[in-house]
Amino acid sequence: MQRGFDLHGCATDMKKTSFKLRTKLMASFLLVVSLAVVTIGMLFAYHTYSFSRREVERTSSSNLKSALDKTLDMALELRNESIRPMSNPREHRAIVDLLTLGNTAYENQFQLVMRLNSTRAIVDIHSLFFFGQEHTITTYSRSSEMSLEKMMEMPWFAQWYHSPRTYEWGQTYVLEGTSVVPYMRKIMEDGEIIGVSVLNISERAFQSCWNSYGNLVLIDEKDRVVSSRDKESLGDLFKEAYGVDLRGMKSGSSFSVTHEGIHYIAVLYRDEVYHFGMIELLPQTSIWTVVMETLGSALLTLALCVLLCILLSALLSVRITKPLKNVTEMVDRLKIDTPPSDMPVNSNDEIGMLISSINNMMRRLAASKEEIVRISQERRLAEYRAIQLQINPHFLYNTLSSICWFADKSQPENVKRVAESLSTLFRISVNHGQEMLHIVEELNHVRCYLDIQMLRHQGEFIYQIDVEPEILSFYTIKIILQPLVENALYHGIRENGIQDGIIRIEGRREGKNIWLSVMDNGNIPQSRIDWMNEALRNPDSRENMGIGMLNVHNRICYFYQNGYGLRYQKQGNLTVACMNLPVVEEI
């Protein structure tokens with residue numbers, strides 16, 4: 001425990017703070033270091049992630065190029081199987097005759113059958129159709145019911161058929177339970193379209209070309225999925241299947257994709273000649289695995305740095321606080337009841353400035369001590385004035401005269417009431433020598449005074465007391481209401497000749513404050529109220545000022561310091577004396 005002194009010179013006990021300056025310095029230093037470490041760690045993680053992602057994208061672009069080249073070589077080689085019959089004059093003649101007439105010369109037909117049988121023997125080719133308006137040639141007998149009319153029912157086929165384009169890769173579709181990728185060419189004769197050739201390549205042939213490269217998706221120039229591990233997406237636009245619009249994306253672009261609940265980093269590569277594209281889906285966890293492996297060593301380094309910072313902060317905090325501890329010991333040896341002696345200043349740094357400030361503070365404390373003594377003397381003088389005000393000889397003379405008058409008039413009840421009120425009034429005024437009492441006792445004191453005055457000045461006034469019950473048990477300094485009531489009666493009501501005088505006492509609590517008010521309907525002018533308020537602020541500037549309200553105001557200020565006191569105000573024709581007091585629950 002450490003001894004201190006309050007504003008009244010009374011000894012108080014102060015607990016030393018549980019957090020020493022050294023601890024605070026260490027905590028602050030560690031906080032700054034931690035923020036720096038976290039910031040550096042986050043930046044390092046971000047740059048590591050960015051670098052890892054760029055490396056993955058670069059590697060992926062290279063793999064995609066190789067996979068797409070291999071896939072296109074396979075597709076172009078198989079595509080030639082639908083072109084070769086049209087490049088041979090006899091086979092071409094046979095196809096035209098069969099599509100338009102339904103028959104052809106034996107030699108031409110034999111050569112065409114041989115060509116179609118060789119095409120049928122290729123594993124990766126599912127089927128080859130030649131569709132005419134009336135006739136169809138096929139390499140796949142189970143699909144002999146396929147016709148140009150049925151193909152026209154497919155929107156993508158009809159759109160191409162009516163376009164000026166001679167050939168095109170069609171949309172992946174399912175034929176006899178097998179996913180196939182069609183390559184379509186128009187068969188021309190004398191500038192007219194007489195039929196269409198459709199080469200159906202098995203979708204598995206495409207996937208077998210890039211299956212070893214990873215999770216890839218092959219798209220055509222319209223961004224439709226040609227081949228993919230996800231068979232549900234075949235033939236759909238990539239945007240519909242994976243939720244990302246590829247329009248405007250250049251080769252080498254990367255983007256994020258979430259498919260079937262898995263987050264991917266996708267890398268796009270496009271062939272500038274054939275306009276096919278290939279996309280690799282890389283799980284984001286694979287990139288973070290690389291990042292975490294890199295961060296492992298970095299975190300170990302950061303941990304060592306933090307440990308070193310803790311040791312340095314401990315050493316620095318001791319070096320900073322040791323001089324302060326010496327100053328504290330010197331201050332503890334000082335005594336307030338002895339003349340101050342300056343402590344030696346041994347340095348020009350902040351510690352030396354602190355010692356100089358302490359020396360100045362001690363000199364100011366000595367001056368403050370003299371001021372406290374002076375205030376104490378004024379307080380005792382105020383208390384003397386309060387006692388002088390409590391025992392007003394004129395009031396006592398008039399009260400005893402009233403008792404004699406009531407006795408002569410044979411009014412023993414009034415004599416008894418006045419005597420009892422006077423006895424209670426003086427008993428409360430004495431209060432066993434204590435300056436503070438309960439608010440309820442202060443109200444009883446002023447009620448006794450008002451009862452005596454009502455008997456002496458019958459019919460001249462009435463009084464009302466309206467105080468919140470909550471504040472009755474709180475403490476206040478004594479004899480602060482009676483002087484204000486006396487002023488209200490004599491200077492407010494009687495001097496102004498008010499016939500139906502009213503004196504009202506109110507009390508309420510507002511937070512940590514108590515407001516006690518004394519009102520009268522003496523209708524004092526506003527200029528007089530301003531004059532009284534000025535006198536309360538500067539009593540030396542006003543003469544002929546009643547001792548009652550100055551006594552009350554000064555005693556409140558001395559007991560409760562600044563912010564509390566007495567002031568007057570107007571409310572209609574009412575003059576209100578307001579006292580602001582603190583809430584005091586016990587003494």
Side-chain angles (χ1 to χ4, degrees), residues 64-87 119 122-131 138-140 143 146 148 150-176 178-188 193 195-211 216-242 246-247 249 251 268-279:
L64 287 174
K65 183 179 184 306
S66 299
L68 185 58
D69 290 344
K70 183 177 179 180
T71 303
L72 289 178
D73 290 343
M74 180 275 299
L76 295 177
E77 179 63 30
L78 295 178
R79 179 198 63 174
N80 293 334
E81 292 298 320
S82 67
I83 299 176
R84 288 190 182 100
M86 305 301 296
S87 61
T119 301
I122 299 175
V123 177
D124 292 334
I125 294 179
H126 176 273
S127 56
L128 174 62
F129 296 102
F130 295 92
F131 296 111
T138 179
T139 63
Y140 192 46
S143 301
M146 291 294 293
L148 181 62
K150 288 187 177 181
M151 291 297 295
M152 291 292 287
E153 294 176 358
M154 302 181 185
W156 52 269
F157 182 87
Q159 183 180 5
W160 167 77
Y161 186 83
H162 295 294
S163 71
R165 299 190 61 172
T166 305
Y167 58 89
E168 187 173 292
W169 288 93
Q171 178 177 324
T172 304
Y173 70 104
V174 178
L175 179 62
E176 299 291 338
T178 302
S179 296
V180 295
V181 181
Y183 176 75
M184 308 171 295
R185 290 184 64 89
K186 295 177 181 177
I187 302 174
M188 311 295 294
I193 301 175
V196 176
S197 68
V198 179
L199 175 69
N200 293 311
I201 302 175
S202 174
E203 185 268 336
R204 288 192 302 271
F206 286 86
Q207 184 175 345
S208 64
C209 294
W210 48 259
N211 201 31
L216 307 185
V217 178
L218 179 66
I219 58 174
D220 61 16
E221 61 179 338
K222 296 181 180 180
D223 295 337
R224 293 177 303 200
V225 178
V226 176
S227 180
S228 171
R229 290 181 179 179
D230 179 17
K231 304 307 179 185
E232 297 293 330
S233 63
L234 296 179
D236 296 337
L237 289 173
F238 188 85
K239 179 180 179 181
E240 297 174 354
Y242 294 89
L246 301 179
R247 289 179 297 180
M249 286 192 183
S251 182
L268 170 66
Y269 178 81
R270 290 186 186 273
D271 183 83
E272 297 180 357
V273 177
Y274 297 101
H275 306 294
F276 274 85
M278 188 161 279
I279 299 168

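- From Thr166, atom OG1 reaches atom CD1 of Ile187 across 12.0 Å, with rounding to the nearest 0.5 Å.
- At least one test fails for Lys222 against the ring of Trp169: distance under 6.0 Å to the centre or angle within 45° of the axis.
- A donor-acceptor pair under 3.5 Å links the side-chain atoms of Thr139 to the main chain of Leu128, judged by distance alone.
- In this structure the side chain of Tyr161 reaches within 4.5 angstrom of the side chain of Ile193, judged on heavy atoms.
- With contacts defined as side-chain heavy-atom distances shorter than 4.5 Å, the pair Ile122/Glu81 qualifies.
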Pair Val198-Met146, side chain to side chain contact (heavy atoms under 4.5 Å, CB included): steps then yes or no | CA-CA 11 Å; Val198 179; Met146 291 294 293; over 6 Å; no

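- Aromatic rings from Phe276 and Tyr274 are positioned such that their centres are separated by 6.0 Å or more.
- Ser163 contributes atom OG, which lies 6.0 Å from atom CD of Glu168 (distance to the nearest 0.5 angstrom).
- The shortest heavy-atom contact between Arg270 and Leu68 is C-CD2, 4.4 Å.
- Distance check: Leu216 CG to Phe206 CZ gives 14.0 Å after rounding to the nearest 0.5 Å.
- Not one N or O on the side chain of Lys186 forms a donor-acceptor pair closer than 3.5 Å with the backbone of Pro164.
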With side chain to side chain contact (heavy atoms under 4.5 Å, CB included) as the test, would you mind laying out the steps for Ser228 and Tyr242 before giving the verdict?
-> CA-CA 12 Å; Ser228 171; Tyr242 294 89; 3.3 Å; yes

Evaluate side chain to side chain contact (heavy atoms under 4.5 Å, CB included) for Leu268 paired with Leu64, printing each intermediate quantity in order.
-> CA-CA 8 Å; Leu268 170 66; Leu64 287 174; over 6 Å; no

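- Only one option out of Val217, Thr172, Val225 pairs with Ser233 in a side chain to side chain contact (heavy atoms under 4.5 Å, CB included); it is Val225.
- In this structure, the separation between CG on Asp223 and CZ on Phe238 is 9.0 Å, given to the nearest 0.5 Å.
- Annotation for Met152 and Ala158: closest pair O-CB, 3.6 Å, computed over non-hydrogen atoms.
- Of the candidates Val181, Thr178, Asn200, Asn200 is the only one forming a side chain to side chain contact (heavy atoms under 4.5 Å, CB included) with Tyr173.
- Salt bridge annotation for Glu77-Arg84: present, with a cationic side-chain nitrogen under 4.0 angstrom from a carboxylate oxygen.
- Looking at every heavy atom in both residues, Pro182 comes nearest to Gln171 through CD-O, 3.4 Å.
- A donor-acceptor pair shorter than 3.5 Å cannot be found between the side chains of Ser227 and Gln207.
- When all heavy atoms of Leu148 and Phe131 are compared, the pair lying nearest together is N-CD2, 3.6 Å.
- A pairwise comparison of heavy atoms in Tyr167 and Trp160 identifies C-NE1, 3.6 Å as the closest pair.
- When all heavy atoms are compared, the tightest approach of Thr71 to Cys209 is OG1-CB, 3.5 Å.
- One distance of note links CG of Leu237 with CZ of Arg247; it measures 9.0 Å at 0.5 Å rounding.
- Atom NZ of Lys231 sits in a crowded spot, with more than 12 heavy atoms from other residues, nucleotides or ligands closer than 6.0 Å.
- Between the side chain of Lys239 and the backbone N or O of Leu246 there is no donor-acceptor pair closer than 3.5 Å.
- The environment of Arg79 atom CZ is dense: over 12 non-hydrogen atoms of other residues, nucleotides or ligands sit within 6.0 angstrom.
- Proximity of Arg224 to Trp156: side-chain heavy atoms (C-beta onward) are separated by under 4.5 Å at one or more points.
- Leu78 contributes atom CG, which lies 10.0 Å from atom OG of Ser202 (distance to the nearest 0.5 angstrom).
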Full working for side chain to side chain contact (heavy atoms under 4.5 Å, CB included) between Met86 and Met188 | CA-CA 10 Å; Met86 305 301 296; Met188 311 295 294; over 6 Å; no

